[in-house]
There are 2 protein chains.
Amino acid sequence: MANEGIHREWASRIRGHEESGHLVESVVEILDCAALCFTEMGFQGTSIDDVARRLGATKGRIYHYFRSKTDLFFEVHREGMTRLMDAVTAAMDAGGTGREKLQRMVEAHALTMMQNVAYEAVVVQGVHLHRLSATTPEQRVILNELMDVRHQFEQLFVQVFHEGQADGSVRETADTSLAVKGILGAVNWMAIWYRPRADESPETQKAMAVEVAGLQIKGVT
Amino acid sequence: MANEGIHREWASRIRGHEESGHLVESVVEILDCAALCFTEMGFQGTSIDDVARRLGATKGRIYHYFRSKTDLFFEVHREGMTRLMDAVTAAMDAGGTGREKLQRMVEAHALTMMQNVAYEAVVVQGVHLHRLSATTPEQRVILNELMDVRHQFEQLFVQVFHEGQADGSVRETADTSLAVKGILGAVNWMAIWYRPRADESPETQKAMAVEVAGLQIKGVT
DNA sequence: GACGAACATACTACGCAGTATGTCGCAAGT
DNA sequence: ACTTGCGACATACTGCGTAGTATGTTCGTC
């Protein structure tokens, strides 16, 4: 299944649950509930008991898999970033001019945001966590990893942006980094205002993603 | 002075400190420190003692002016929104085509974000506070006020957007609200990544604001 | 010299992260 | 068949951080 890679990554982080690869469904449930709680009430505002209650379980279950609340948050964050990365890199690898690639990347970004609001809202929150003091040296390593991935993510856009400028499909700008931050901001902001509506089909979502991406791309071409 | 109006608003909120209008400097210091703390560590992550420590004072001083931590947060939030509102409405009232007004409004928005990162970062955080449960019925009234101002703020842009479409200076879009949310997102996002640098003059800031706004406006024209 | 504003100090009550220990079921060994 | 072991939790408990309060203390003003 598609989750294999993710599970393998968990292995090293989570209480030594190596090979199994199937019982881990229990962990996925925890992550889902945690993502919702963190999204609604923030990191500090969420208690482990809140997550447990939503699970219909108790703290025991959570601490059986995660060392600490911070580790739990990190894992949700990592999962969110992974989904974003996967979607965007796939869109990037499909070829075309810089502008076409950029358009697809932003669309993929937006669509992923909408399809994973909970996880991605946590990712957005996570930016602040940068200076959070309550971290063990061990956690700080993971945090640096996350910040690194975040930076790589942005660089992906910067890179393709330059490609586009090279092939003439993207306009020259005063500050590429600034332009990219603007685009990413417009899309990331969706994590804050967007909430799935009952009457929303996958097509509607896709259409919104295309619309948002289109406006942003138009600004730089 | 320009703060008069704000002070008068405080009057009703803050432990009945009505007329004075000058000693309130003490309150401004508290708000400044609170804004910094909330920005760096979030609402729940900030303790009143943190704010007091940064002030070089103790809890006593803070609780002398504010009923609760939540009220303190609200006041910072309100101040941030007020500064945004003032800047944007001023830019709007200066006349011109829809597009010109929109351009100036977004520039003003961006510039205000940069000049008041601490306060505006709190405003950005505040969006989540929407569903926060830890509110007394009294606070909920204030919260509704804040959410209302936020909505009005967005409507300002929507309104001018339509003006622009009416006079032909702004392109027709599938969903005006969506377009505006994109623009505001790009600018609001600055509260997350932007931090003032030592070698930054007011002119540099202004230039960045114009650049960001330019890209966004170009997307809708 | 009395009184209140503007704080500081001292104290309490509680929520919550983290831990220690218990329980239940299943799977393998003999 | 029984038991031993272990994984997957639940229950019970502790200690600390922190919001809020109650009570000083100082200083200016009337």
Side-chain angles (χ1 to χ4, degrees), chain A residues 7 10-11 14-31 33-34 37-38 40-76 129 132-136 138-139, chain B residues 7 10-11 14-31 33-34 37-38 40-76 129 132-136 138-139:
Chain A
H7 290 161
W10 283 340
I14 303 169
R15 300 264 188 192
H17 293 274
E18 333 289 321
E19 354 291 348
S20 40
H22 54 290
L23 268 179
V24 201
E25 172 61 23
S26 189
V27 174
V28 177
E29 285 176 15
I30 296 178
L31 287 177
C33 290
C37 288
F38 287 142
E40 291 173 7
M41 308 183 298
F43 174 67
Q44 322 264 0
T46 300
S47 78
I48 296 288
D49 291 288
D50 288 332
V51 181
R53 201 173 311 129
R54 189 180 285 244
L55 267 170
T58 64
K59 306 167 75 127
R61 178 165 168 192
I62 297 175
Y63 278 104
H64 180 67
Y65 294 99
F66 298 90
R67 283 190 210 282
S68 71
K69 184 181 164 184
T70 306
D71 286 83
L72 176 57
F73 184 87
F74 281 165
E75 221 55 39
V76 174
L129 220 64
L132 192 63
S133 48
T135 46
T136 70
E138 194 187 25
Q139 290 172 345
Chain B
H7 290 160
W10 284 340
I14 303 170
R15 300 262 188 194
H17 293 277
E18 335 286 321
E19 356 289 349
S20 39
H22 53 292
L23 268 180
V24 203
E25 172 61 22
S26 189
V27 174
V28 177
E29 286 176 15
I30 296 179
L31 288 178
C33 289
C37 287
F38 287 142
E40 292 173 5
M41 308 183 299
F43 174 68
Q44 322 264 2
T46 300
S47 78
I48 296 288
D49 292 289
D50 288 333
V51 181
R53 202 173 309 131
R54 189 180 284 243
L55 267 170
T58 64
K59 306 167 74 128
R61 180 167 168 192
I62 297 175
Y63 277 103
H64 180 67
Y65 294 98
F66 298 90
R67 283 189 209 283
S68 71
K69 183 180 163 184
T70 306
D71 286 85
L72 176 56
F73 185 87
F74 282 165
E75 223 53 41
V76 174
L129 220 64
L132 193 63
S133 49
T135 47
T136 71
E138 195 187 24
Q139 290 172 346

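Labels below follow one simple rule: chain letters A, B, ... track the order of the sequence lines, proteins then strands, and each chain is numbered from 1.
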Asker: Does any N or O in the side chain of K59(A) come within less than 3.5 Å of the main-chain N or O of V51(A), such that one atom is a donor and the other an acceptor?
Answerer: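 No.
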Asker: If you take all heavy atoms of A52(B) and T58(B), which pair is closest and at what distance?
Answerer: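 Closest approach of A52(B) to T58(B), heavy atoms only: CB-C, 3.6 Å.
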Asker: Please tabulate the protein-to-nucleotide N/O contacts below 3.5 Å involving nucleotides 20-25 of chain C, giving atom names and distances.
Answerer:
none

Asker: Distance check, rounded to the nearest 0.5 Å: Y63(A) atom OH versus L72(A) atom CG?
Answerer: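 Atom-to-atom, Y63(A):OH and L72(A):CG are 9.0 Å apart.
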Asker: Report for the helix from dG1(C)-dC30(D) to dT30(C)-dA1(D): angle between first-end and last-end helix axes, five pairs each, rounded to 10 degrees.
Answerer: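 Computed angle between terminal axes is 10°.
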Asker: In whole angstrom, what separates L55(B)'s CG from dA6(C)'s P?
Answerer: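 Whole-Å distance recorded here is 15 Å.
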Asker: Under 3.5 Å, which protein N or O atoms sit close to an N or O of nucleotides 16-18 of chain C? Give each pair with its distance.
Answerer:
{"residue": "dA17(C)", "atom": "OP1", "partner": "T46(A)", "partner atom": "O", "Å": "3.3"}
{"residue": "dA17(C)", "atom": "OP1", "partner": "K69(A)", "partner atom": "NZ", "Å": "3.2"}
{"residue": "dA17(C)", "atom": "OP2", "partner": "I48(A)", "partner atom": "N", "Å": "2.9"}
{"residue": "dA17(C)", "atom": "N7", "partner": "K59(A)", "partner atom": "NZ", "Å": "2.9"}
{"residue": "dG18(C)", "atom": "OP2", "partner": "Y63(A)", "partner atom": "OH", "Å": "3.2"}
{"residue": "dG18(C)", "atom": "OP2", "partner": "K69(A)", "partner atom": "N", "Å": "3.0"}
{"residue": "dG18(C)", "atom": "N7", "partner": "K59(A)", "partner atom": "NZ", "Å": "3.1"}
{"residue": "dG18(C)", "atom": "O6", "partner": "K59(A)", "partner atom": "NZ", "Å": "3.0"}

Asker: Using ring-ring contact (aromatic ring centres under 6.0 Å, His included) as the criterion, list what pairs up with F73(B), not counting sequence neighbours.
Answerer: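 Counting only residues at least two positions away or on another chain, F73(B) forms a ring-ring contact (aromatic ring centres under 6.0 Å, His included) with F38(B), F43(B).
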Asker: At under 4.0 Å, does any side-chain N or O of T58(B) touch on OP1 or OP2 of dC7(C)?
Answerer: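 For dC7(C), OP1/OP2 do not have a side-chain N/O of T58(B) under 4.0 Å.
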Asker: Is there a side-chain contact between L55(A) and I62(A) (heavy atoms, below 4.5 Å)?
Answerer: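 SC-SC contact between L55(A) and I62(A) confirmed.
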Asker: Residues two or more places apart in sequence or in another chain: which of them pass side-chain hydrogen bond (donor to acceptor under 3.5 Å, both in side chains) with S47(B)?
Answerer: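 D50(B).
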Asker: Roughly, in whole Å, what's the span from CG in L72(B) to P in dT18(D)?
Answerer: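 After rounding, the gap between these two atoms is 16 Å.
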Asker: Return yes if a side-chain donor-acceptor contact under 3.5 Å exists between S68(A) and Q139(A), otherwise no.
Answerer: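 Yes, because at least one side-chain N or O of S68(A) sits under 3.5 Å from a partner of the opposite role on Q139(A).
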Asker: Within a strict 4.5 Å, meaning less than it, do heavy atoms of the F66(A) and I30(A) side chains meet?
Answerer: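 Yes, their side chains come closer than 4.5 Å.
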Asker: Can you see which heavy atom on R54(B) is nearest to which on E40(B), and at what distance?
Answerer: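 Shortest heavy-atom separation between R54(B) and E40(B) comes out as NH2-OE1, 2.8 Å.
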Asker: Check whether any side-chain nitrogen or oxygen of Y65(B) sits under 4.0 Å from OP1 or OP2 of dA5(C), and answer yes or no.
Answerer: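 Negative; the distance criterion is not met.
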Asker: Is it true that E75(B) and R67(B) make a salt bridge, defined as a side-chain N closer than 4.0 Å to a carboxylate O?
Answerer: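 Looking at R67(B) together with E75(B), the answer is no, because their closest N to O distance does not fall below 4.0 Å.
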Asker: Whole Å only: how far is the CD1 atom of I30(B) from the C1' atom of dA6(C)?
Answerer: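 Distance check: I30(B) CD1 to dA6(C) C1' gives 10 Å.
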Asker: Please determine if a side-chain N or O atom of H64(B) lies less than 4.0 Å away from the OP1 or OP2 oxygen of dC7(C).
Answerer: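 It does not, given that no N or O in the side chain of H64(B) lies less than 4.0 Å from OP1 or OP2 of dC7(C).
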Asker: Report the residues that fulfil side-chain hydrogen bond (donor to acceptor under 3.5 Å, both in side chains) with R61(B), sequence neighbours left out, ordered by chain and then residue number.
Answerer: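 With sequence neighbours excluded, R61(B) shows a side-chain hydrogen bond (donor to acceptor under 3.5 Å, both in side chains) to S26(B), E29(B), given in chain and number order.
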